[in-house]
Amino acid sequence: MRTRAIALTAAILCLPLTACGNEGSKISTSPKVRSSSQAATTSEAADAERTPAATDEPEQAQDARVGDTLTLSGQNDDEQLDVTVKKWLDPAKSADEFTTPGSGKRWVAVQLQLTNTGTTAYSDSPSNCVQAADSEGQRFDATFGDITAGPQMTSDLKLPAGDKALGWIVIEVPNASKVATLQFTMNSGFADETGQWKIG
């Protein structure tokens with residue numbers, strides 16, 4: 001009887017650990033397949049590095065970079081976004097003299113386009129979804145800041161199915177850091193699927 005009680009207690013204690021595990025987490029890096037005509041519309045920086053040869057064949061899957069779109073799923077089955085890194089800015093200049101990077105740091109910024117390809121409205125704070133990593137493995141979250149490049153992404157996004165949102169998200173990094181990757185995870189970073197783009 002005592003042995004059964006111990007076994008039952010152990011099983012109950014293990015349940016929360018199983019439920020909170022990240023067994024379903026994955027990193028998505030392969031962009032949506034684009035034809036050569038679609039590829040020609042990406043940013044100049046992306047074009048200079050990766051303009052495909054003139055052909056009707058779709059571009060092969062590769063690591064996502066600036067100009068590429070990743071399709072990501074949220075925590076709920078009906079939540080899905082096409083996330084496009086439209087532009088990358090390093091450094092990013094403050095739009096005013098009052099809000100500036102801290103000592104020994106600089107701002108970088110990403111312009112994101114979010115397209116709701118799910119079947120329900122998506123509500124989130126996109127800046128909470130973004131994280132950058134440098135070549136040393138240091139990771140940095142978004143910060144508040146208006147920049148001269150254009151309007152920032154709204155902090156209270158309510159995006160109906162089929163609609164798009166466009167805006168800049170600012171990240172503060174050390175002056176010595178070279179940003180290597182950018183990640184986006186839906187549901188303020190709590191979804192199981194993370195999109196990753198190579199920077200530079």
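Owing to the predicted nature of the structure, the values given are computational and were not obtained by experimental measurement. Nothing fancy with the numbering, it's 1 onward along the sequence.
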Does some side-chain heavy atom of [Y] sit less than 4.5 Å from a side-chain heavy atom of [X]?
{"X": "Gln183", "Y": "Ile27", "result": "yes"}
{"X": "Val173", "Y": "Val179", "result": "yes"}
{"X": "Asp134", "Y": "Lys178", "result": "no"}
{"X": "Leu182", "Y": "Trp88", "result": "yes"}
{"X": "Val83", "Y": "Trp197", "result": "yes"}
{"X": "Asn76", "Y": "Thr120", "result": "no"}

(Q) Would you say CD of Glu136 has more than 12 non-hydrogen atoms from neighbouring residues, nucleotides or ligands within 6.0 angstrom? (A) no
Distance, nearest 0.5 Å, that separates [atom1] of [X] from [atom2] of [Y]:
{"X": "Leu166", "Y": "Thr84", "atom1": "CG", "atom2": "OG1", "result": "9.5 Å"}
{"X": "Leu72", "Y": "Glu193", "atom1": "CG", "atom2": "CD", "result": "5.0 Å"}
{"X": "Thr29", "Y": "Leu70", "atom1": "OG1", "atom2": "CG", "result": "7.5 Å"}

Q. If you take all heavy atoms of Ala161 and Thr119, which pair is closest and at what distance?
A. CB-C, 4.2 Å
Q.
Give me the atom names and distance for the closest heavy-atom approach of Val66 to Lys87.
A.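 Between these two residues, the closest heavy atoms are CG1-CA, 4.1 Å.
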**Q.** Single-linkage hydrophobic cluster, 4.5 Å side-chain cutoff, Leu89 and Ile169 together
**A.**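 No, no single cluster joins them.
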Does [Y] offer a backbone N or O that forms a donor-acceptor pair with the side chain of [X] under 3.5 Å?
{"X": "Asp68", "Y": "Pro31", "answer": "no"}
{"X": "Tyr122", "Y": "Asn187", "answer": "yes"}
{"X": "Glu79", "Y": "Gln75", "answer": "yes"}

Show me the side-chain donor-acceptor pairs of residues 142-155 shorter than 3.5 Å, one per line, residues at least two apart or across chains.
residue	atom	partner	partner atom	Å
Asp146	OD1	Gln152	NE2	2.7
Thr154	OG1	Asp156	N	3.3

Indicate every side-chain donor-acceptor pair of residues 100-112 with a distance under 3.5 Å to a residue at least two apart or in another chain.
residue	atom	partner	partner atom	Å
Arg106	NE	Asp90	OD1	2.8
Arg106	NH1	Pro174	O	2.8
Arg106	NH1	Asn175	O	3.1
Arg106	NH1	Ser177	O	3.0
Arg106	NH2	Asp90	OD2	3.1
Arg106	NH2	Ser177	O	2.8
Trp107	NE1	Glu172	OE1	3.3

Q | Given Thr115, Thr71, Leu159, the one that forms side-chain contact (heavy atoms from CB on, under 4.5 Å) with Leu81 | A |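 Of Thr115, Thr71, Leu159, side-chain contact (heavy atoms from CB on, under 4.5 Å) with Leu81 is met by Leu159 alone.
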